[in-house]
Structure formats: C-alpha cells, structure tokens
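Before any comments, here is the structure.
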Amino acid sequence: GAGVSQTPSNKVTEKGKYVELRCDPISGHTALYWYRQSLGQGPEFLIYFQGTGAADDSGLPNDRFFAVRPEGSVSTLKIQRTERGDSAVYLCASSLRTGEAFFGQGTRLTVV
Amino acid sequence: AQKVTQAQTEISVVEKEDVTLDCVYETRDTTYYLFWYKQPPSGELVFLIRRNSFDEQNEISGRYSWNFQKSTSSFNFTITASQVVDSAVYFCALRANQGGKLIFGQGTELSVKP
C-alpha cells in the first residue's frame with residue numbers, strides 16, 4: 001500500500017481482556033517496528049522485526065506482550081490480560097533495511 | 001547507554017519568527033544516525049531528515065535547516081519564517097546502527113500563532 005496501515009484506529013477493552021493490534025507495512029519494506037507512545041511522551045521502542053524474525057525485542061515490557069510477523073509482511077501485536085497502564089497509542093513503522101522509518105497513524109488503546 | 005534530550009517542552013512563537021529546537025544526544029557508538037520527525041495533531045509521525053555520524057555538514061531544505069555538531073553532541077533544528085502549519089510536536093531520535101530501534105527524545109511542542 002501507499003503507507004503503513006494500522007487497524008483498528010481505536011480500541012477500547014476491559015481490564016484483563018486480550019487484544020490484537022494489526023500493522024500492514026509499506027510493500028517491500030523488510031524491517032518493521034512497534035512503538036508505544038503515552039501522552040506527552042516520545043515513542044518508546046517495543047520490538048523490531050527484520051523479515052519474519054524478531055531482531056530485537058528488548059523493549060517489550062513483560063511477557064503479556066508478544067508480536068509476530070509470520071510471512072515477513074503484516075505484523076500483529078498481542079497483549080494478554082490487559083492492564084490500565086497499557087493504555088497508549090501503539091505505533092507501527094516500516095523501513096527498507098537501512099532506511100528511515102515511516103510510521104502509521106497508530107492504534108489508540110484504552111483499557112477501562 | 002543511549003539517550004536523547006529535548007530540553008524545550010513547549011515553544012510558542014508568532015508567525016514569521018525564526019525558531020530553533022534543541023536536541024542533545026548520548027551514545028558510545030562511533031557510527032550512529034540522527035533523525036527529526038514531526039507529529040502534527042493528526043498523530044502520524046512524519047520523517048524530516050536523517051544524518052549519519054560521519055557527515056557534519058549542515059543541511060538546508062526550504063525553510064528548514066539542521067546544525068549537527070559532534071563536539072557538543074547536538075543536532076538542532078531551525079525553522080525560518082515560521083508558519084501556522086508548522087505547529088506540531090517535533091521529535092529528535094537516535095539510531096545506533098544501520099537498522100534497529102530509534103531512541104526518541106521527549107519532544108518539543110511548537111505553537112505558531114498568526
């Protein structure tokens with residue numbers, strides 16, 4: 001597609017529920033990144049894929065967070081047993097292997 | 001450890017004024033990349049510029065210019081003759097190698113008033 005697409009744009013869920021956030025990167029981009037942005041803060045790195053494999057998952061806050069990219073294109077960020085502190089905008093970005101990252105519009109997650 | 005500091009949380013200027021956004025970074029790597037992104041109210045981060053650590057030449061693109069100084073670990077961004085459409089949050093970011101995570105600063109919210 002023309003840009004990075006994230007769905008849904010907004011998600012409200014109850015505490016303790018499971019959620020999945022989807023990212024469609026720019027066609028041909030081998031690298032895919034997930035970030036989390038809280039209000040008034042800069043984006044915080046979560047995980048980075050090069051192709052199908054996670055090259056760096058050091059930013060995942062705990063084992064409730066998991067991400068996959070099974071075919072090296074679309075990625076899904078999965079959050080189990082959501083907590084109110086997980087509320088944030090989740091940003092996805094993609095890039096060519098060494099190029100600048102292009103970001104999607106984000107998914108605003110609200111845990112109530 | 002890698003860190004990016006944008007000491008200015010908010011800046012407010014009147015249209016046509018020049019404004020400089022400061023960025024100071026920390027890294028032990030000899031090869032690294034610096035970036036500026038713009039985040040308008042719509043929320044999408046827009047790429048503005050990338051510089052590598054071996055290229056200290058300043059760059060100008062229209063009303064935008066960037067001053068990279070390794071001696072002070074700074075990568076400042078100047079908007080000349082600001083316009084209302086420049087109002088946004090601006091982020092400076094650091095990447096330590098050719099691929100991989102970006103470390104963002106806290107952002108500077110720029111408000112340009114007519």
Side-chain angles (χ1 to χ4, degrees), chain A residues 1-10 23-26 29-51 53-61 67 72 88-109, chain B residues 1-10 21-25 27 29 31-55 59 61 66 75 88-111:
Chain A
V4 178
S5 175
Q6 292 188 247
T7 53
S9 54
N10 278 284
C23 174
D24 267 288
I26 293 172
H29 280 191
T30 56
L32 185 146
Y33 310 80
W34 283 101
Y35 291 82
R36 177 168 72 174
Q37 187 175 22
S38 301
L39 194 61
Q41 304 292 317
E44 174 192 21
F45 171 76
L46 296 176
I47 186 169
Y48 153 54
F49 288 89
Q50 189 63 248
D56 182 353
D57 64 359
S58 62
L60 294 176
V89 175
Y90 288 80
L91 297 167
C92 178
S94 70
S95 73
L96 296 172
R97 194 184 190 288
T98 60
E100 58 270 19
F102 293 89
F103 284 79
Q105 297 239 351
T107 293
R108 182 176 299 278
L109 176 66
Chain B
Q2 294 156 27
K3 186 178 177 183
V4 175
T5 301
Q6 295 179 255
Q8 305 148 308
T9 307
E10 296 178 18
L21 310 182
D22 297 333
C23 173
V24 173
Y25 62 91
T27 181
D29 293 286
T31 302
Y32 52 89
Y33 295 80
L34 296 164
F35 300 78
W36 276 94
Y37 281 86
K38 174 182 180 179
Q39 189 173 44
S42 61
E44 185 171 344
L45 281 157
V46 177
F47 166 78
L48 295 178
I49 190 172
R50 176 183 70 168
R51 300 309 299 273
N52 73 54
S53 52
F54 297 108
D55 183 2
E59 182 155 341
S61 176
W66 290 270
F75 185 44
V89 181
Y90 291 85
F91 290 98
C92 181
L94 166 71
R95 189 173 72 198
N97 49 33
Q98 287 196 330
K101 64 186 178 188
L102 289 167
I103 305 297
F104 284 86
Q106 297 280 70
T108 296
E109 183 172 5
L110 174 65
S111 176

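Since the structure is predicted, the reported quantities are computational estimates derived from the model, not experimental observations.
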Problem set entry | Atom group of Ile47(A) that falls short of 4.5 Å from chain B, counting heavy atoms |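 Contact with chain B is absent: no heavy atom of Ile47(A) under 4.5 Å.
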Problem set entry | Region of Gln39(B) in contact with chain A, defined by heavy-atom distances below 4.5 Å |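 Side chain only.
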Problem set entry | Test side chain to side chain contact (heavy atoms under 4.5 Å, CB included) applied to Ser9(A) - qualifying residues, sequence neighbours left out | none
For this session: Assess whether atom CZ of Arg108(A) is packed by more than 12 heavy atoms of other residues, nucleotides or ligands within 6.0 Å.
Result: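 It does not: Arg108(A) CZ has 12 such atoms or fewer within range.
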For this session: Return the option, out of Ala93(A), Gly40(A), Ala55(A), Ala101(A), with the maximum number of heavy-atom pairs under 4.5 Å with chain B.
Result: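 So the answer, after comparing Ala93(A), Gly40(A), Ala55(A), Ala101(A), is Ala101(A).
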Exercise. Looking at Gly106(A), Ala31(A), Gly42(A), Gly104(A), which has the largest count of heavy-atom pairs under 4.5 Å with chain B?
Worked result: Gly42(A)
Problem set entry | Pair Thr30(A), Gln50(A): side-chain N/O donor-acceptor within cut-off below 3.5 Å | yes
Exercise. Got a sec, which residues hit salt bridge (charged side-chain N to carboxylate O under 4.0 Å, His left out) with Arg36(A), two or more places apart in sequence or on another chain?
Worked result: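 Only Glu44(A) meet the salt bridge (charged side-chain N to carboxylate O under 4.0 Å, His left out) criterion with Arg36(A).
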